[in-house]
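Accompanying notes for the structure given below.
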Amino acid sequence: MNVFAEVEKRVLAALEGLAQRGVLPEGLDFSAVAVEQPRDPSHGDLACNAAMVLAKAAKMKPRDIAEALAAVLKADPDVVSAEVAGPGFLNLRMRDAFWHAVVRDIFTSGAQYGATNIGAGAKTNVEYVSANPTGPMHVGHCRGAVFGDALANLLAFSGFDVTREYYINDAGGQVDVLARSVFLRYREALGEDIGEIPQGLYPGDYLKPVGEALKAAHGAALRDQPEEAWLSLVRRFAIEQIMPMIKDDLAALNIRHDVFFSEASLTQAGTDKVKAAIDDLRRTGLIFEGRLEKPKGHDDEEWEDREQTLFRSSEFGDEADRALMKSDGTYTYFAGDVAYHYDKLQRGFRHLVNVFGADHIGYIPRMLATIAAFTGGTVERDAKGKLKYWHTSGGSADLDIKVVNLVKLFKNGEPFKMSKRAGTFVTLRDVVDEVGRDPVRFMMLYRKELEPLDFDFAKVTEQSKDNPVFYVQYAHARAASVLRNAREAFSGLEWAGDGRVAADLSLLTDRGELDLVKKCAFFPSLIEGAARAHEPHRVAFYLYDLASAFHAHWTRGNDLPQLRVIQADDRALTAARCALVAALQQVLSSGLRVLGVGAPEAMR
RNA sequence: GGCCCCGUAGCUCAGUGGAUAGAGCAUCAGAUUCCUAAUCUGAGGGUCGCAGGUUCAAAUCCUGCCGGGGUCGCCA
């Protein structure tokens, strides 16, 4: 049960009644009426904006509408008070029993409390990470990885049928570089002195075992072959060796994808899915042969003006049309991506979510254009024709592009660029090993995704104990601890079983206790809002706030022992409070699970 | 130069068109014979970058500036 939705229903019913009685005009649009949490809890439990929203259309003073509405709602048995305040807010206070019902609801729903069905089982594809398969993951990758994973969790919790997908960029020039780099390590494994790694090849030591493995598989058979003979073989071999490294790195962050889609597979084994996709796009009339203007601010002599196959993405607000074929007759990266997304659509996904790094921001309009063209959807634009949002809508499927801002790297307060060659390459594994999985995940999520993030390895390591994740986890552990202690204090104490509350919740009368329930009651709304906005960070901030309320209430027990959960001389009260604590623990645990962060039973 | 993102307390950041704009850190003052002090209570600290506009109501939406960052042909 979502208490906000529930009370909103009652408010709407009251408004209908007022309209029928002629207090309000007929035919008013109630769609903007909302029941929300007041910012200041002293205003009440719930606040409604109906009077202000309707005043103009009803040609009435907001306060008059609010008073009329208040009179109706006062008759609701769950409503203790309905007061008009400020410009016309209707502030409602609900009786304790209303909140006790929330505790009962949490037990009934269990781990499903907060889960919604706003996704209605729609097939949804979340593509994230998609790092080049040329080496282990580094810190720069982990923000998008964690974000995408948490978003996938959030959507799954909200009723979407989620597929987590990784697009392996195994078809471009960088994998040829990888193959040559591995071949060098292979010669090294065969005993050759390879000296310095030449410019333009990957120097990392992580390729040594790959070279060894190549030797183990092929002996010296490849050594004296020309590059044409071994390049594609070594390329595939190297990727097969490196993808497990990447999967291990991701597993260290508790990330597991369902599908790894190979870019190279689009044009392998005699098929040409890229051509098929482009041919299908042709029916829209958006594929044409033409010339591109030289980009402004780019006075490069190498610019070659030529006629080429283009996609008219400018039709959808992109700055320019985009090339699909290179001058050597091969496909561009974009052409492959067109085919890849065509494939996603053919697999039946209704919703696509792509997680991009901020360095790919210029790529967004053409991807939106592609999906809009394939699905018959639209990309919303402003009066000047510029993109308004990073999503398409209205077609047979839609795409939302989420951009995670860059992780700016610092070392001892000084910015630095990562360089494999200079030894300033910080691997994701280093960070996870040093700081821990949960703190890394929480740090990445405790921030809006578009906000830049400074990352100083030394500082993060040193301050990892101050990470807010422990604050939230400690709240969970405290809850677990007091429940353990209560069971020890009262043998056979039970507050719930079979999804039902066995305690007398009417004993929960303290304001602090009820405030905790109210915060828990917000969880379903919070999840729904975060899922709709694709913003997992809201969950992290909510959990911090909930933990804070619990810690504060807990500490009140220092001065006021009668507020402690365990009351040695009152079994029934202890049971009721345990039910509350267990409900709160459930919400913490569900929220942490969405974030992919552990919910420990104890922290010592 | 075009486009995009960001600009809120000393610092790092939340903020769903709503009421007196919040939290953490830092600073200062306190709390531990007490279910875990990895905690809590309090104080000080703000022209929400600037200027207009829309609205009953703007940190939030629109326009134009300013500052910081990113990005800009067939790379991936």
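Residue numbers begin at 1 in each chain, while the letters A, B, ... track the order of the sequences.
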With side-chain contact (heavy atoms from CB on, under 4.5 Å) as the test, would you mind laying out the steps for A:V597 and A:R437 before giving the verdict? CA-CA 8 Å; A:V597 172; A:R437 183 196 76 192; over 6 Å; no

Closest-nucleotide ordering on RNA chain B, the 5'-leading residue of A:E263 and A:R538: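 Its nearest nucleotide lies further toward 5', so the answer is A:R538.
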
For A:I566 and A:D170, take the nucleotide of RNA chain B holding the closest heavy atom to each; which residue's nucleotide lies nearer the 5' end? A:I566

If you compare every side-chain N and O of [X] against the phosphate oxygens of [N] (OP1, OP2), does one of them come in below 4.0 Å?
| X | N | answer |
| --- | --- | --- |
| A:K448 | B:G15 | yes |
| A:W554 | B:A37 | yes |
| A:H537 | B:G15 | yes |
| A:R39 | B:U16 | no |
| A:K326 | B:A76 | yes |
| A:K465 | B:A38 | no |

C1'-based separation of B:G64 from B:U27 [nearest Å]: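 Looking at atom C1' only, B:U27 and B:G64 are 40 Å apart.
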
For the P atoms, the ones on B:A31 and on B:C48, what distance do you get once it is rounded to whole angstrom?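 My reading of the P atoms in B:A31 and B:C48 gives 38 Å.
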
Out of B:A76, B:C6, B:U16, which has the shortest distance to the side chain of A:R366?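 Closest of the options to the side chain of A:R366: B:A76.
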
Can you pull every protein N or O that's under 3.5 Å from an N or O on nucleotides 62-67 of chain B?
unit_1, atom_1, unit_2, atom_2, d
B:G64, OP1, A:K384, NZ, 2.4

Looking at the base of B:C74, is there any donor atom on it, or on the side chain of A:R306, that sits under 3.5 Å from an acceptor on the other one?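 Per atom types, the contact qualifies.
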
Between A:D272 and A:Y331, do the side chains contain a donor N or O and an acceptor N or O under 3.5 Å apart? yes

Determine which pairs satisfy salt bridge (charged side-chain N to carboxylate O under 4.0 Å, His left out) with at least one residue from residues 565-575 of chain A, sequence neighbours left out, and list them in order.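 Checked against salt bridge (charged side-chain N to carboxylate O under 4.0 Å, His left out) - neighbours excluded - no pair reaches residues 565-575 of chain A.
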
Determine which bases of RNA chain B form Watson-Crick or G-U wobble pairs with both distances under 3.5 Å, and write the result as a 5' to 3' dot-bracket string with | for other-strand partners. (((((((..((((....[...)))).(((((.......))))).....(((((..]....))))))))))))....

